[in-house]
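Here's the structure, in structure tokens; my notes come after.
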Amino acid sequence: MSEFKPTNPVIRWIEHRLPIFSFIDHAVGSGYPTPRNLNYWWNYGSLAGIALVILIITGIVLAMQYTPHADYAFDSVERIMRDVNYGWLLRYIHMNGASFFFIVVYIHLFRGLYYGSYKEPRELLWMIGVTLLLLMMATAFTGYVLPWGQLSYWAARVITNMFTAFPFGETIVTWLWGGYTVGNPTLNRFYAFHYLLPFVIVGVVFMHIWALHRFGSSNPVGIEADGPQDKIPFHPYYTVKDLFGLGVYLTLFAALVFFAPNMLGETINYVEADPLVTPAHIVPEWYFLPYYAILRSVTFDIWFLSAKLIGVILMFGSTLILFLVPWLDRSPVRSARFRPWYKWFFWIWVFDVAVLTWVGANLPVPPYLYIGQVASVWYFFHFLVILPLLSIFEPTKPLPSSIGEPVLKGGGASAAGAASKPMEKA
Amino acid sequence: MADTANPGAGPGHSGDGETRRDFLYLTAAAMGVVGTAAVAWPIIDSMNPAADVRALASIVVDLSPVEEGMAITVIWRGNPVFVRHRTAAEIETARGVALDDLPDPETDEARVQKPQWLVMVGICTHLGCIPKGQRVGEEKGEYDGWFCPCHGSHYDTSGRIRKGPAPRNLDVPPYEFLDDTTIEIG
Ligand code: HEM
Ligand code: FES
């Protein structure tokens, strides 16, 4: 973690005028001190970055072949699949890349919840992350409309129609559509947004990393590093670990792309959009299923609020509530390792989300309907009631005195602590 | 004007802390907001339906081939419009319902111009799917009208919502009879 001193004269010349090399070194190089105890759950941030780059590269070449017009879009995607050199590969990478992007980001988010990464002083870092999730959703939603299949069309219709639940809803929806229903103007603007948003995401990712580097990564025990003896340089230690993770990721990704490229999709999206025929079973992509389940769980009006409005509010609320987590969870202990009760509730919540995913893929009839209702209530109960109560009543376990202690097993702690003093001064 | 903004003090200064400069800041900011809004509006409004889209706003439909008990679907402004030539029995059921039983109370009489012709926009008022029930053999729901498979809304023979998440009855578009069996929608 020494100062950045390039020897190459060209690099020195540039560095003097534009300190870009030291910037990179501080971001992901030997100049970025990182807790020495990060486990594999800390790989998912860099994986998400790579997933984003894969999507942008394949997206740009797909855009060179794609025609954003309601009459031609479907055929142009079929042409990509059949006639364009490696078109099938690019499209399958893009399609499944979106799925993998969500898997990685969801794991990244669950990691944050388990280890309390959102706590002081990383609240804003967390909130930027939730913003990234929202931007990803908007990007994936607009992208899914582009191939103009039956589900593309009907998903766009059902989702945009949600705005009719709000006052002036009809006006808003007509404006969103640029017509009286989802049509060519809608497809055009969705394409414009689908091209734009990924680059907005890139910008917000920079803010995310900027905020991260203010205090550095948290770590599995959730206590701050005592001094340099608790940290190791990002390069080569974590660059190597991240590369290994990337290898595993790409292996799994290739298996999906080459052996089961349509596993996560719906066959009916290979039927061209027909505004007059609603498919019997409208389902969103898997990564939206939990929200869809929550939306459909509200089947009754409450007071003067229609079921439709409440469903829409809860659906958006299920993501927006994540913004509040740093303030709902007031426990002074970060990591679930030292929170015996929260640990359980965390896994129950993960299970709850899995149940919602399963319910979202099924028709909203009993028993799915009732299971979905219970699971939806629990989802919010976890955040609004369990987290605040645990902050007060949970008996937390004693924290280790330093990041090194659990690694060096008991006695090592004081030794390391004592040894660290002179090192710190050096 | 300058005097009231800045009574009795030297240029740009006054005893109570208010200055000509404050006034300039305020007016400049206000003009900035107005100017930004004036530029923003064309950008926002450009996303509304364009003239060619609006031009497709009315259609004429000949109903003479539609026999009693039959239904047709026509396209108006890109959306399906359901026209059902109702049977006497269907009209009777629709009129026999007590308003208290309806989530969105509306009499059948208020929804039609001629009792045998029911004309409605064929879009579920929940989230915009096309309800089933127009074609022979399709599921018509528990009230023998239309059924929306997306989230399970049931409509009766007057197109009124009876059960399920949809908040409103199927909309009746503006239309008029040009003669006994011809209508103009829009
Ligand atoms: C955040 C990153 C991105 C996500 C999550 C994403 C997601 C998606 C999804 C889910 C689809 C539908 C795939 C299908 O079923 O066919 C799609 C299609 C498409 N995307 Fe992206 N995308 C991203 C970035 C980009 C970028 C940067 C471009 C290039 C400008 C792009 C261009 C396209 C094109 C042309 C299509 C239509 C062709 C097709 O359906 O394969 N995407 N995208
Ligand atoms: S769209 Fe018809 S029930 Fe939801």
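Sequence lines set the chain letters: A, B, ... in the order given, protein chains first and strands last, and positions in each chain run from 1.
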Task: Residue pair A/Phe288, A/Phe141: steps toward the ring-ring contact (aromatic ring centres under 6.0 Å, His included) verdict - done: CA-CA 9 Å; A/Phe288 289 139; A/Phe141 169 60; 7.3 Å; no

TODO: Test A/Leu369 against A/Arg296 for side-chain contact (heavy atoms from CB on, under 4.5 Å), laying out the working first.
DONE: CA-CA 8 Å; A/Leu369 179 64; A/Arg296 297 189 304 178; 5.9 Å; no

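Stacking of B/Lys163 on the aromatic ring of B/Tyr143 is not recorded, the 6.0 Å distance cut-off and the 45° axial limit not both being met. The cationic group of A/Arg189 does not satisfy the cation-pi geometry with A/Trp177, failing either the under 6.0 Å distance to the six-membered ring centre or the 45° limit from the ring axis.
Both the backbone and the side chain of A/Thr174 have a heavy atom closer than 4.5 Å to some heavy atom of chain B. Proximity to chain A (any heavy atom under 4.5 Å) is restricted, for B/Ile75, to the side chain, taken from C-beta onward. Contact annotation for A/Arg157: both backbone and side-chain heavy atoms come within less than 4.5 Å of a heavy atom of chain B. Within the 4.5 angstrom heavy-atom criterion, no atom of A/Tyr153 approaches chain B. Interface remark: A/Trp175 contributes backbone and side-chain atoms alike to the contact with chain B (heavy atom separation under 4.5 Å). For B/Pro167, the part sitting under 4.5 Å from any heavy atom of chain A is the side chain, from C-beta outward, and nothing else. Heavy atoms closer than 4.5 Å to chain B are found in both the backbone and the side chain of A/Leu276. Only the side chain of A/Leu295 comes within contact range of chain B, judged by heavy atoms closer than 4.5 Å.
Interface check for chain A: of the options B/Asn79, B/Val53, B/Thr125, the most heavy-atom pairs under 4.5 Å are formed by B/Asn79.
A/Asn269 and A/Ser152 form a side-chain donor-acceptor contact under 3.5 Å, judged by distance and modelled atom types alone.
The side-chain hydrogen bond (donor to acceptor under 3.5 Å, both in side chains) test with B/Asn169 is passed by exactly one of B/Glu106, B/Arg162, B/Arg160: B/Glu106.
Salt bridge B/Asp104/B/Arg168: absent, no basic N to carboxylate O contact under 4.0 Å.
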